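One structure is given here, and the rest of the page talks about it.
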Amino acid sequence: MITIDPEGLSSHFDSRAAEERWDRAWSQRRIYDFDAGSSAQAFVIDTPPPTVSGSLHVGHVFSYTQTDALARYMRMRGRNVFYPMGWDDNGLPTERRVQNYFHVRCEPGATHDAALELRMADDAARKGPPRKVSRGNFIELCLALTAEDEKAFKALWRRLGLSVDWSLEYSTIDRRSRRLAQLSFLDLLKKGHVYNVEAPTLWDVDFRTAVAQAEVEDRPVRGAFHHVRFAVLGGGEFTIATTRPELLPACVAVAAHPGDERYKALFGRRAVTPLFRVPVSIFPSLLVDKEKGSGILMVCTFGDATDVQWWREERLPLRQVIGRDGRLAAVRFGSEGFPSLDPAAANEAYGHLVGRTVKEAQKAIVELLRRPEAAAAGAGAPLVSEPQPVEHAVKFYEKGDRPLEFITTRQWFVRLLDRKAELIEAGETIQWHPDFMRTRYRNWTENLQLDWCVSRQRYFGVPFPVWYPVGQDGAADFQHPIAADEAALPVDPTSEAPPGYGEAQRDRPGGFHGEADVFDTWFTSSLSPQIATRWTDAPERHRRLFPMDLRPQSHEIIRTWAFYTIVKARLHEATIPWKHVAISGWVLDPDRKKMSKSKGNVTTPTHLLDQYGADAVRYWSLSARLGTDTAFDEKVLKVGRRLVTKLFNASKYVLAQSAQAGSVTRALDLAFLVRLRETVEQAGRELEAFEYAGALEVAERFFWSRFTDAYVEIVKARARSDSDPQGRTSAVAALQLALGVLVRLFAPFLPYVTEEIWSWGYDRESGHASVHRAPWPSAADFEGLDDADPGAFDAALAFLEAVHRAKSARGASVGRHLRLLRVACAPATADLVAPSLPDLLAASRVEEHHLERRESLSPLAFEVVEIVLAERPEPEKTEA
RNA sequence: AGGCGCGUGGCUCAGUGGUAGAGCGCUUCCUUGACACGGAAGAGGUCGGUGGUUCAAUUCCACCCGCGCCUACCA
C-alpha cells in the first residue's frame, strides 16, 4: 500500500514546475528512446517534419499532440516505439524569410563574403535595396536562421511533452538527407523514372522558378473580356474575346468550335492579328466553348494549359514574349519566328510593351487597341467595345503573389502519368483515418495532368547530383547527364567537378556544365520514411522499420506530402510507405475561419501553455477527432485544467488513506472495479482504432461521474473506519488499484500530472519508474475479479442519486444529516444494495433508515418515501 | 460544375433503427475534513427540409436547402 502525507501538497497542480522537472527527468532517463536491440514489435511513426518558417501556432500543437497520444499508448502496450522528429528547413518559405529577415537577395554571381554578419536587418538597412549576397552566403544565412527556428520548435515540443526520441532528430537539409535525396534521384534516373525536357512549364515570375501541379492553386481574380477585331487574309473579319490582350504579340493561331456556323467558313484560312499584323492559322477544336466569349479565341504561347495542348497538337509556332521575370521580352517582328505583314508598325506597337510587366503591358496594349489608326483598312479601332469585367479563376503558385505563366524552360520531371493506376491501387492498400480521406488521394491521383516537375531554380535546397557534357560547340548535352558517384554524395555540381573531369573544364568546350537547380522540397520530404529508417545507410534497420506503421498529417497536403511519399516508396521499392495514415483537422478561429498568418487570426501556443499548462493544452488538442476541423475554444482548455486539478486532488486524497495490507473483498468494491475494467477495455478499443478522443472521453466520464463523484464518496467513511478493518482494507485497496489504473488510462493524454501522481508511490510499487513505461491496464490489474456482479455498484449509484434528489428538493445540502430516511425499491434491487447499505447511509448521513421492498418498482429505481432532515447545527458566527 | 464532409439544446461537440447525450453557459441550493479550477438538483432540443423503406427513423435510402473542403473552370 502507498501512503503519502498530503500536507506538503498544494490544492493546485503546479504545471510549470512539473513540466520542467519531468521533461528533464524523461530526457535523462531516455525513456522515449527507440530500443534498437529489442525484439518487441516496433511501432514506427513518420512524424511530419514541420516547416520551420519562424512562427508557431496552435495548429502545430494540435496535430502533434494527437500523434503523441497514440505513440504513448503504443509504448504502454509494449510496442517499441520509433518516434523521430525532423525539421523541414529547405525551400522557399525559408528563403523568403531569410530575404526579409536579413534584407538580402541571392545573386549567384556575387562574390563570397567570408565574414558575413548574421544579424537581422535594421530599419536603416531596410530603406535601401536588398543586399546582394553569393549563393554560399545565402545558404549560410538560411542555415543560421533555421537553426534558431528549430530551437524554438524543439522547446515547444518538449514543453508539450511530445515523447519523441530526440536521438532520431534530422533536418531535410542536413548532410544525410541531402545524400539520401540525391541517392533517390540517381535511383530514379537509373530506373528511367526521371527525364529532363525543355517545354512550357508552370512558372512563378517572382520566385523565378518552375513549380509542380501540386503546388498550384486557383484564385478568383477580377479581369475583363476584351473584344478584339481580327482581319481575315483575303477579306473579312471576326472578333475574338480575350482576358489577356497583352498576349496578342504571342498569338500563334485562332480557334473555334467545328460546329459553330458563325466561323465554319474560316477554317483553313488565315487571320491577321491587329497591331502586329501576324498571319495565323484558323483551326477547329472541340475544346472551344461556343457559349464563352465570342466563341472564337486566340491561341497564344502561352496563355493557359489549353494553349499548351493546342501548341503541341497543332504543331503551332512558338512566340514566347513573357520572360522569366514576368516582363515582356525584347523581340523583333520581321525576324526569325516573329513574322509580320508590317514589321515597322509591329515593332512600333511592341515598343510600348517591351520591358513591362504583364499588368502594365495589358494597360498599354488596350490603349494601342483603341487607336483607330491601328485598324486595318479603316475599319475602326481593333478594340470593338469597352472591356467587360468578369471574375475568373487564375492559377497561382500557392506561395506566390502573381499568376503563374507557362514559360519554356528545361526542367527535370518524375514520370507519373503512366503509373496512375498503380498509385491509386497503392492508396487503396493503405488504411486512412478517417476512411473518407482516401477519396481525396484517389481524386487527386486520377486528375493528375502533369508529371512531377522536381527542379527548382532556387538556392537553399538539395542540388541535382548531375553534370552535362559540353560539346566542342560549347553546347551542353542534357540528354546524357553525368551522374555523381554514389559514394561521393552529397555533391554540389556548381562547386565540384564530375568524375573524370577537372574544375578547369567547367563550362568549356569538351568539358562539363554543372546542374545549378535544386530539388523541389517535396522531393526530399517525400523521403521522410527513408531518411528516418536510414534506407541505404543501414539496410537491416530499414528492412525492419519500413514500411512504417503510421503517417500523421493534415488533409491539405494529401496531394503533396502523402502523394509524393507514396510515389517514392512505389518507385524505389515497389511498396507502400506506411500501413496507416491519420489525417488531422485544422484549427479554426472562433469564427470558423482557418487560422493563417496572413489573416492575423493566429493564436500562439506559448501563452496558453503558461496560462493553462501543457496537460490542459493537450486535453484541448485531444478532444478533437481525426479529420475534424475544430474551432479554437478557450473553454475547452479550462475544462482540461479542471480535469488535471481534479486528478491531482483525488489522487492526493486516495493515496493519503491507509489500511492494513490486504485485498479487495467487498461486493461494492468489486462491482466498481468491474465497471472500471469495462472502461479500460473500451478506451483500449478506441485507441486501437486511433480514436484518441473517444478514449479520452470514456476515461474522463468514468473518472468524473463514477470515481470521484460516486465511488470515492460512497467509501469515504469505510476507508478510514476503525471498527471495520477488513472493510477498510478492501476500500483502500480498491481506491489505490483504481487510481493506479486511471492514472495509466490518462497517461497518454496528460503525461505530466500522471507522472507526478505515479511518482507518489506507484513507481516503487510497480517497479516501473515512469508511468509512461508502465503497461497499459489489462486483465493482470483485475485479477480475482472474475465474474463479480457490477450491479451492486449500479444500485449504490442509484440509491445515492435518489437521496441527493430528495435532499435537493428540500433545499438541503448533500452533507445535511437525516434523522430518518425511508426508501422503497424492488426486492432484487434491495438484495443488490444491501451489502453496500452501511456505506450509503454513512455517505448520506442517515441516522435511522427503513428499506421497503416493493414489487412494483423497476430494477435500480429507488423511491424516497419519507425523509426527515436533522436539525441544522447553529453555525458559529464569525463575522468578518 | 463534380466529389467528399458537415448541419443534434444559447455555444463547442459526442451518439444511436425503438422514451435524445456531455461539457460550457443559465436557474436554485450547498464553503462537507481531496478539490469552490468543488458538489447537488434543475430548466432548455419537433436531432436542416421534403418524401420513401420499416411495426418503428434523429439514425437507412432519394431529393432539396445551407456551410466547409477538395478537384475542375485563365479563351
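Chain letters run A, B, ... following the sequence lines, proteins first, then strands; residues in each count from 1. Fair warning: this is a prediction, and the values are worked out from it, not measured in the lab. Note: hydrogens, waters and symmetry copies are ignored here, and every other heavy atom, side chains too, is used.
Comparing the C1' positions of B/rG18 and B/rA36 gives a spacing of 42 Å, expressed to the nearest Å. B/rG15 and B/rG21 have their C1' atoms separated by 7 Å, with the value rounded to a whole Å. Annotation: B/rA14 and B/rU58 have their C1' atoms spaced 14 Å apart (nearest Å). For the C1' atoms, the distance linking B/rU16 with B/rA72 amounts to 38 Å, nearest Å. Nucleotides B/rU32 and B/rG10 place their P atoms 36 Å apart, quoted to the nearest Å. Comparing B/rA43 with B/rG48, their C1' atoms are spaced 25 Å from each other, to the whole Å. The same atom, C1', is picked in B/rC35 and in B/rC47; the two are 36 Å apart, to the nearest Å. For B/rG7 and B/rC13, the C1' atoms lie 13 Å apart once the distance is rounded to whole Å.
In terms of heavy atoms, A/Arg816 sits closest to A/Arg845 at O-CB, 3.8 Å.
Nucleotide B/rA34 holds its P atom 20 Å from the CD atom of A/Glu756, rounded to whole Å. Atom OH of A/Tyr441 is separated from atom P of B/rC4 by 19 Å (rounded to the nearest Å). In this structure, A/His12 places its NE2 atom 12 Å from C1' of B/rA34, rounding to the nearest Å. The interatomic distance linking A/Lys635 (NZ) with B/rC13 (P) rounds to 10 Å, in whole Å. As rounded to whole Å, 9 Å separates atom P of B/rG15 from atom CD of A/Glu686. For the pair A/Phe703 CZ and B/rG38 C1', the interatomic distance rounds to 12 Å; values are reported in whole Å. Between A/Arg625 atom CZ and B/rG5 atom C1' there is a gap of 16 Å when expressed in whole angstrom units. In this structure, A/Glu697 places its CD atom 13 Å from C1' of B/rU12, rounding to the nearest Å.
A/Glu428 has a carboxylate O that lies under 4.0 Å from a charged side-chain N of A/Arg442, or vice versa, which qualifies the two as a salt bridge. Contact check on A/Glu19 versus A/Arg16 returns no salt bridge, with no Lys/Arg side-chain nitrogen under 4.0 Å from an Asp/Glu carboxylate oxygen. Salt-bridge formation is detected for the pair A/Arg701/A/Glu697: a Lys NZ or Arg NE/NH1/NH2 atom is positioned less than 4.0 Å from an Asp or Glu carboxylate oxygen. Contact check on A/Asp206 versus A/Arg402 returns a salt bridge, with a Lys/Arg side-chain nitrogen under 4.0 Å from an Asp/Glu carboxylate oxygen. Between A/Arg642 and A/Glu700, none of the side-chain N atoms (NZ, or NE/NH1/NH2) sits under 4.0 Å from a carboxylate O, so this pair counts as no salt bridge.
Nearest to the side chain of A/Lys652, among B/rC70, B/rA34, B/rC35, sits B/rA34. Among the nucleotides B/rA34, B/rU12, B/rC37, the one closest to any side-chain atom of A/Arg641 is B/rC37. The nucleotide whose nearest atom lies closest to any side-chain atom of A/Thr439 is, among B/rU12, B/rC4, B/rA34, B/rC4.
Less than 6.0 angstrom separates the ring centroid of A/Trp760 from the ring centroid of A/Phe648. Here the two rings, on A/Phe632 and A/Trp620, have centers that are under 6.0 Å apart. Under the 6.0 Å cut-off for aromatic ring centres, A/Tyr619 and A/Tyr612 do not qualify, their centroids lying 6.0 Å or more apart.
Residue contacts shown for A/Val288 include a base, since a base heavy atom lies under 4.0 Å away. Backbone-only contact: A/Phe225 has heavy atoms under 4.0 Å from sugar-phosphate atoms and none from a base. Nucleic acid contact for A/Ala650: base, since at least one base atom lies under 4.0 Å from a heavy atom of the residue. Counting any heavy atom pair closer than 4.0 Å across all strands shown, A/Lys716 reaches a base atom. If you check every strand for non-hydrogen atoms under 4.0 Å, A/Glu446 touches nothing. Here A/Arg442 lies out of heavy-atom contact (under 4.0 Å) with every strand.
Nucleotide B/rC4: paired with B/rG68 (Watson-Crick or G-U wobble, both distances less than 3.5 Å). In this entry B/rC60 has B/rG52 as its Watson-Crick or G-U wobble partner, both defining distances falling under 3.5 Å. Using the Watson-Crick or G-U wobble rule with both distances under 3.5 Å, B/rG21 pairs with B/rC13. As the counterpart of B/rG44, no nucleotide is assigned, since no Watson-Crick or G-U wobble pattern has both distances under 3.5 Å. Using Watson-Crick or G-U wobble geometry with both donor-acceptor distances under 3.5 Å, B/rU32 finds no partner in any strand shown.
Cation-pi geometry between A/Lys646 and A/Phe707 is not met at under 6.0 angstrom from the ring centre and within 45 degrees of the axis.
Using the six-membered ring where Trp is involved, A/His433 and A/Phe690 have ring planes that are perpendicular, over 60° apart on the 30 and 60° scheme.
The 5' end of RNA chain B is approached more closely, in terms of each residue's nearest nucleotide, by A/Gly627 than by the other of A/Gly627 and A/Val390. Projected onto RNA chain B by closest heavy-atom contact, A/Gly295 and A/Met437 fall at different nucleotides, the more 5' of which corresponds to A/Met437.
At a cut-off of 3.5 angstrom, the base of B/rC37 holds at least one donor-acceptor pair with the side chain of A/Thr645.
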Nucleotide N/O of nucleotides 71-74 of chain B paired with protein N/O under 3.5 Å:
unit_1 : atom_1 : unit_2   : atom_2 : d
B/rU71 : OP1    : A/Arg559 : NE     : 3.2
B/rU71 : OP1    : A/Arg559 : NH1    : 2.5
B/rU71 : O2'    : A/Asn447 : ND2    : 2.9
B/rC73 : OP2    : A/Lys395 : NZ     : 3.0
B/rC73 : N4     : A/Asp218 : OD2    : 2.8
B/rC74 : O4'    : A/Ala393 : O      : 3.4
B/rC74 : O3'    : A/His392 : ND1    : 3.0
B/rC74 : O2'    : A/Thr243 : OG1    : 3.1

Kindly give the atom pairs (protein nitrogen or oxygen, nucleotide nitrogen or oxygen) under 3.5 Å for nucleotides 39-44 of chain B.
unit_1 : atom_1 : unit_2   : atom_2 : d
B/rG39 : OP1    : A/Lys646 : NZ     : 3.4
B/rG39 : OP1    : A/Trp704 : NE1    : 2.6
B/rG39 : OP1    : A/Asp709 : OD1    : 3.4
B/rA41 : O4'    : A/Ser808 : OG     : 3.1

Intermediate values then yes/no, side chain to side chain donor-acceptor pair (under 3.5 Å), A/Trp310 and A/Ser285: CA-CA 9 Å; A/Trp310 279 319; A/Ser285 169; 2.9 Å; yes

